**Q** 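What follows is a single structure, and I will ask about it in a moment.
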Amino acid sequence: MVCPNCSGDYIDGVKVCVACHVLLVEDSSREPVNGNGRLVHFITYFSRHEAAAAKNLLECFDVDAIVSMDEIRGVRLWVHKEDAHKAVKIFQENTLAKKKREKIH
Ligand SMILES: [Zn+2]
């Protein structure tokens, strides 16, 4: 999925661009390609620190993550297309675990 406004790439299942709040359109040809395969835009952060923390989390689960910096688009985290669903799951589970811990204390 791609944002028609900023050309940001998103994984399947994401419907709205987090930066522009516009509906995404399907355009698989616009995904960037690196040596290891196709990358999909996973998430956008406002700080390098947050992106680095997310990258570390993914790498704990053997998911390669790439951080790109762009003055207009922010700090973007990319994952390989085949890892995208795994990455989403890791993030969901991590967020849930965090919430559970917060409830206890
Ligand atoms: Zn956008």
Side-chain angles (χ1 to χ4, degrees):
M1 304 301 282
V2 67
C3 173
N5 190 39
C6 70
S7 303
D9 290 296
Y10 289 85
I11 58 168
D12 290 346
V14 179
K15 292 188 171 59
V16 179
C17 177
V18 291
C20 316
H21 306 288
V22 296
L23 282 174
L24 302 177
V25 294
E26 243 170 298
D27 188 353
S28 57
S29 65
R30 300 186 72 156
E31 287 160 12
V33 173
N34 82 350
N36 298 320
R38 277 149 44 117
L39 295 172
V40 287
H41 179 204
F42 182 57
I43 198 161
T44 300
Y45 289 102
F46 294 106
S47 80
R48 217 187 305 187
H49 180 77
E50 277 180 303
K55 181 177 156 78
N56 282 342
L57 173 68
L58 290 173
E59 284 174 353
C60 286
F61 294 89
D62 293 322
V63 173
D64 250 351
I66 294 95
V67 176
S68 73
M69 302 273 288
D70 188 311
E71 275 181 33
I72 299 156
R73 294 180 189 169
V75 186
R76 299 202 291 170
L77 194 68
W78 304 80
V79 296
H80 295 290
K81 193 165 189 153
E82 57 270 28
D83 290 334
H85 289 286
K86 193 179 172 187
V88 170
K89 214 169 163 241
I90 291 165
F91 265 64
Q92 284 171 343
E93 282 169 2
N94 189 63
T95 308
L96 287 175
K98 226 181 185 174
K99 275 181 187 155
K100 270 182 203 159
R101 278 203 298 273
E102 280 164 6
K103 265 185 190 169
I104 292 164
H105 295 292

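Bear in mind the structure is a predicted one, so any value in this text is a computation, not a measurement.
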**Q** Name all residues meeting the side chain to side chain contact (heavy atoms under 4.5 Å, CB included) criterion together with V75; count only those two or more places apart in sequence or in a different chain, and write none if there are none.
**A** Y45, A51, V67, M69
**Q** Quick one: list whatever passes salt bridge (charged side-chain N to carboxylate O under 4.0 Å, His left out) with K86, sequence neighbours left out.
**A** none
**Q** Of all heavy-atom pairs between L24 and V14, which one has the smallest distance, and what is that distance?
**A** CD1-O, 3.3 Å
**Q** Which distance, rounded to the nearest 0.5 Å, do you find between the NE2 of H21 and the SG of C3?
**A** 10.5 Å
**Q** Roughly how far, to the nearest 0.5 Å, is the CD1 atom of I11 from the CG atom of D83?
**A** 11.0 Å
**Q** Checking side chain to side chain contact (heavy atoms under 4.5 Å, CB included) for the pair V79/L58: CA distance, chi angles, key distance, verdict?
**A** CA-CA 9 Å; V79 296; L58 290 173; 3.8 Å; yes
**Q** For L23, which fellow cluster members are found when Ile, Leu, Val, Met, Phe, Trp and Tyr are connected by side-chain heavy-atom distances below 4.5 angstrom, either directly or through intermediates?
**A** V16
**Q** Can you name the side chain to side chain contact (heavy atoms under 4.5 Å, CB included) partners of V18, sequence neighbours left out?
**A** Y10, T44
**Q** Please evaluate residues I66 and H80 with respect to the criterion side chain to side chain contact (heavy atoms under 4.5 Å, CB included), reporting the C-alpha separation (whole Å), side-chain torsions for both, the decisive distance (0.1 Å), and the verdict.
**A** CA-CA 9 Å; I66 294 95; H80 295 290; 4.2 Å; yes
**Q** Working to the nearest 0.5 angstrom, can you tell me the gap between K81 NZ and L39 CG?
**A** 11.0 Å
**Q** Quick one: salt bridge (charged side-chain N to carboxylate O under 4.0 Å, His left out) partners of E59, sequence neighbours excluded?
**A** K55
**Q** Looking at every non-hydrogen atom in both residues, tell me the closest pair between W78 and S68 and how far apart they are.
**A** NE1-OG, 2.9 Å
**Q** Does L57 have any side chain to side chain contact (heavy atoms under 4.5 Å, CB included) partners at least two apart in sequence or in another chain, and if so, which?
**A** F61, I90, F91, N94
